[in-house]
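These notes are about the structure you will find just below.
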Amino acid sequence: MSFPLLTATAVVPAVGAIATAALPAAKRTAAKWLALLFSLITFALALVVAFRFDPGAGAPFQLTESHAWIQDFGVRYELGVDGIAVALIALTTLLIPFIILAGWHDADPLEEATPNRRWRPTQGFFALILAVEAMVVLSFEATDVFLFYIFFEAMLIPMYFLIGGFGDRAGQDGAEEAAGRRSYAAVKFLLYNLAGGLIMLAAVIGLYAVTADQLGTGTFSLQQIVEARTVGTLNIGTGTERLLFLGFFFAFAVKAPLWPLHTWLPGAMGESTSPVAVLITAVVDKVGTFAMLRFCLQLFPEASSWATPVILVLALISIVYGALLAVAQRDIKRLIAYASISHFGFIILGIFAMTSQGQGGATLYMVNHGISTAALMLVAGFLISRRGSRLIADYGGVQKVAPVLAGTFLIGGLATLSLPGLAPFVSEFLVLVGTFTRYPVIGIIATLGIVLAALYVLVLYQRTMTGPVKAEVTNMPDLRVRELVVVAPLIALLLFLGVYPKPLTDLVNPAVQHTLSVVDKKDPKPTVQVNAVPGEGRHGHAANDQDVEAAK
């Protein structure tokens, strides 16, 4: 038996979570280093997965593991990765060490708040982060629908405690009011996502019932269901398929978050510590958009095509609505949260454009948005921790007293607005091109999100970093060594992938082509005019395939 590499990639952070939580209360520093060590080992395993994965091998899933689990109900422990999953696992395991370093002091106990020495907030904080990492990685690896559902829902529990129990300490004057806001945000996060999960559970059970009826034996295996549909042994009725699709899509749209199911995100990010906010939007929320590609499109191809027009409109609303609300924000973290809603709109737009450019761009957007949002939010967190306020109006002239902090904040902001030369530009360009080739009107309207992004990012930088130095920031220290270690690699990645995205595109494109083949979609053929007469080809008629070849 070959080494279970995918299992190990998820088990290592789970073991790290248990070991960190078990340390005595006095071992706070040891807990931090232990959590960081396990996160680095997990990242090393993810790199091994990436190097062992062969994009040109042809198989839809590689490094597969399959074992019987609950045989009476057709549930198996099945893991496998395609290029999209490999890219997102690499993103997740890369960000976790930076999240841990950025939150190094976020859970240090306040003496007056922890008279009971048995309470171990530091150990709990880092253990919960590692637990979320393990569940997210397994979600990306699972090819059994029921197994995926378990971890898709289970990750809500540690996230609930991270949001509600370890909130932002900016503005401790109103500690009770802040605790109330954190509790409200955590409960809202949990209820929204649990509601989506319960609807998905009904759809999962319905899918099992359909397979049991038509195949004789019920199954949750993604590969078996797709293969059975391809050869014609499984024929889901149109009405049934559309209902099942809606059950899955609703849960993923909540997680994504897609308008109008997005309202939990600004509160959750605003009331969390900055590292936890990054965990939410750069890691956990990616499971929703990933699942749209892996499960919605591949399990329900007809229903996906049927729902595409409505989903594109919802994605378009998310892009414009999220950007407009970001422009109006006075809170730095809530501004970044609404910007993320806009960006997720672009990702979903690319997925349901049903073109190779759109879906390839959406996958790249998941990775690049994770890196750019992490850079911007973590630097914003360092800024907020120095001043003790999230309000934009409380800052001014920071670049004169902390130029490195201001410079890194600017680069993170420019990446967020998809400046050419930085990684998100490639993603956004591909999404818009892929959308325009099939839905030109929607593609044109979506470009409004780019204009608004430039507005909210540049206004944010102007109001916080430029102008006269406010008295409250006069003695603000610049980034420390630990903080530079967090930010510098993220900025380097933004620059590298902005100039040379080929490693990522080579990795994800075969998986995108496989998804499009399952949905039975092909890229639209471009209309080419080859002479000066509008609408005519070489012989005075509309340009045809021969004209196209001649033009080439």
Side-chain angles (χ1 to χ4, degrees), residues 6 58-85 138-153 196-197 199-253 287-308 351-352 354 359 510-521:
L6 297 185
F61 297 106
Q62 298 180 36
L63 306 176
T64 55
E65 302 173 29
S66 182
H67 306 282
W69 185 19
I70 309 175
Q71 294 184 357
D72 292 342
F73 296 100
V75 181
R76 296 185 62 81
Y77 179 79
E78 282 192 352
L79 305 180
V81 289
D82 58 7
I84 298 171
L138 273 172
S139 297
F140 291 141
E141 295 174 346
T143 57
D144 182 278
V145 177
F146 192 81
L147 182 68
F148 167 83
Y149 172 78
I150 289 175
F151 294 106
F152 179 80
E153 287 293 277
I199 293 174
M200 180 184 170
L201 178 60
V204 169
I205 295 171
L207 180 64
Y208 175 82
V210 171
T211 59
D213 179 60
Q214 296 194 26
L215 302 179
T217 303
T219 181
F220 293 105
S221 172
L222 174 66
Q223 296 185 76
Q224 289 184 23
I225 294 172
V226 171
E227 182 179 353
R229 296 205 63 164
T230 303
V231 301
T233 55
L234 177 63
N235 295 295
I236 306 176
T238 300
T240 302
E241 178 174 339
R242 292 176 179 180
L243 286 173
L244 295 177
F245 168 85
L246 291 174
F248 277 74
F249 181 80
F250 182 83
F252 303 152
V287 178
T289 47
F290 164 80
M292 291 178 188
L293 275 168
R294 172 166 284 189
F295 295 105
C296 282
L297 269 59
Q298 298 192 43
L299 289 174
F300 315 111
E302 188 279 333
S304 298
S305 298
W306 163 75
T308 289
I351 292 172
F352 284 90
M354 301 292 185
Q359 291 191 358
V512 167
Q513 293 297 336
H514 171 73
T515 302
L516 286 174
S517 68
V518 172
V519 187
D520 196 22
K521 292 286 186 180

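Nothing here was measured: the structure is a model prediction, and the numbers come from that model. We're numbering straight along the sequence, starting at 1.
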Exercise for review: Quick one: pull up CG in Leu293 and CG in Leu516 and give me the separation to the nearest 0.5 Å.
Suggested key: 9.0 Å
Review point. Are any of the side-chain heavy atoms of Tyr208 and Val75 separated by less than 4.5 Å?
Key: no
Check your understanding: Hey, mind stepping through His514 and Asp82 against side-chain contact (heavy atoms from CB on, under 4.5 Å) and telling me if it holds?
Key -> CA-CA 10 Å; His514 171 73; Asp82 58 7; over 6 Å; no
Check your understanding: Phe252 and Phe152: aromatic ring centres closer than 6.0 Å?
Key -> yes
Exercise for review: List in chain and number order the residues that pass side chain to side chain contact (heavy atoms under 4.5 Å, CB included) with Leu215, two or more places apart in sequence or in another chain; answer none if no residue qualifies.
Suggested key: Thr211, Thr219, Ala228, Thr233, Leu234
**Study point:** Distance, nearest 0.5 Å, that separates CD1 of Ile351 from OG1 of Thr308
**Key:** 11.0 Å
**Study point:** side chain to side chain contact (heavy atoms under 4.5 Å, CB included) involving Glu227 - partner list, sequence neighbours excluded
**Key:** none
Exercise for review: Determine the interplanar angle of the Phe295 and Phe148 rings, folded into 0 to 90°, and report it as parallel if under 30°, tilted if 30 to 60°, perpendicular if over 60°.
Suggested key: tilted
Point to revise | side-chain contact (heavy atoms from CB on, under 4.5 Å) between Trp69 and Leu147, worked out | key: CA-CA 10 Å; Trp69 185 19; Leu147 182 68; 3.8 Å; yes
Point to revise | Leu299 vs Val145, side-chain contact (heavy atoms from CB on, under 4.5 Å): CA-CA, chis, key distance, verdict | key: CA-CA 10 Å; Leu299 289 174; Val145 177; 4.1 Å; yes
Review point. At what distance, to the nearest 0.5 angstrom, does CD of Gln298 lie from CD1 of Ile225?
Key: 11.0 Å
Review point. With under 30° as parallel and over 60° as perpendicular, where do the rings of Phe290 and Phe140 fit, or are they tilted in between?
Key: perpendicular
**Study point:** Over 12 foreign heavy atoms within 6.0 Å of CZ, Phe146
**Key:** no
Review point. If every non-hydrogen atom of Ala203 is compared with every non-hydrogen atom of Gly247, which pair is closest and at what distance?
Key: CB-CA, 3.9 Å
Check your understanding: Can you name the nearest heavy-atom pair linking Arg294 to Val81, along with the distance?
Key -> NH2-CA, 4.2 Å
Exercise for review: Could you grab the distance from atom CD of Glu241 to atom CZ of Arg229, nearest 0.5 Å is fine?
Suggested key: 4.0 Å
Revision key, fill the gap. Between Leu79 and Tyr77 the two heavy atoms that sit nearest each other are CD1-OH, 3.2 Å
Check your understanding: Which is it for Leu222 and Phe61 under the side-chain contact (heavy atoms from CB on, under 4.5 Å) test, yes or no, and what are the steps along the way?
Key -> CA-CA 11 Å; Leu222 174 66; Phe61 297 106; 3.8 Å; yes
**Study point:** Minimal non-hydrogen separation, Ala303 against Phe245, with atom names
**Key:** CB-CB, 3.5 Å
Review point. Roughly how far, to the nearest 0.5 Å, is CD1 of Ile236 from CZ of Arg242?
Key: 13.0 Å
Check your understanding: Rounded to the nearest 0.5 Å, how far does CD of Glu78 lie from CG of Leu6?
Key -> 12.5 Å
Review point. Which of parallel (below 30°), tilted (30 to 60°) and perpendicular (above 60°) describes Phe249 and Phe352?
Key: perpendicular
Review point. Tell me, do Gln359 and Gln513 make a side-chain contact under 4.5 Å, heavy atoms counted?
Key: no
Review point. Looking only at heavy atoms, what is the nearest atom pair of Phe248 and Cys296, with distance?
Key: CB-SG, 4.0 Å
Review point. Looking only at heavy atoms, what is the nearest atom pair of Asp144 and Gly74, with distance?
Key: OD2-O, 4.1 Å
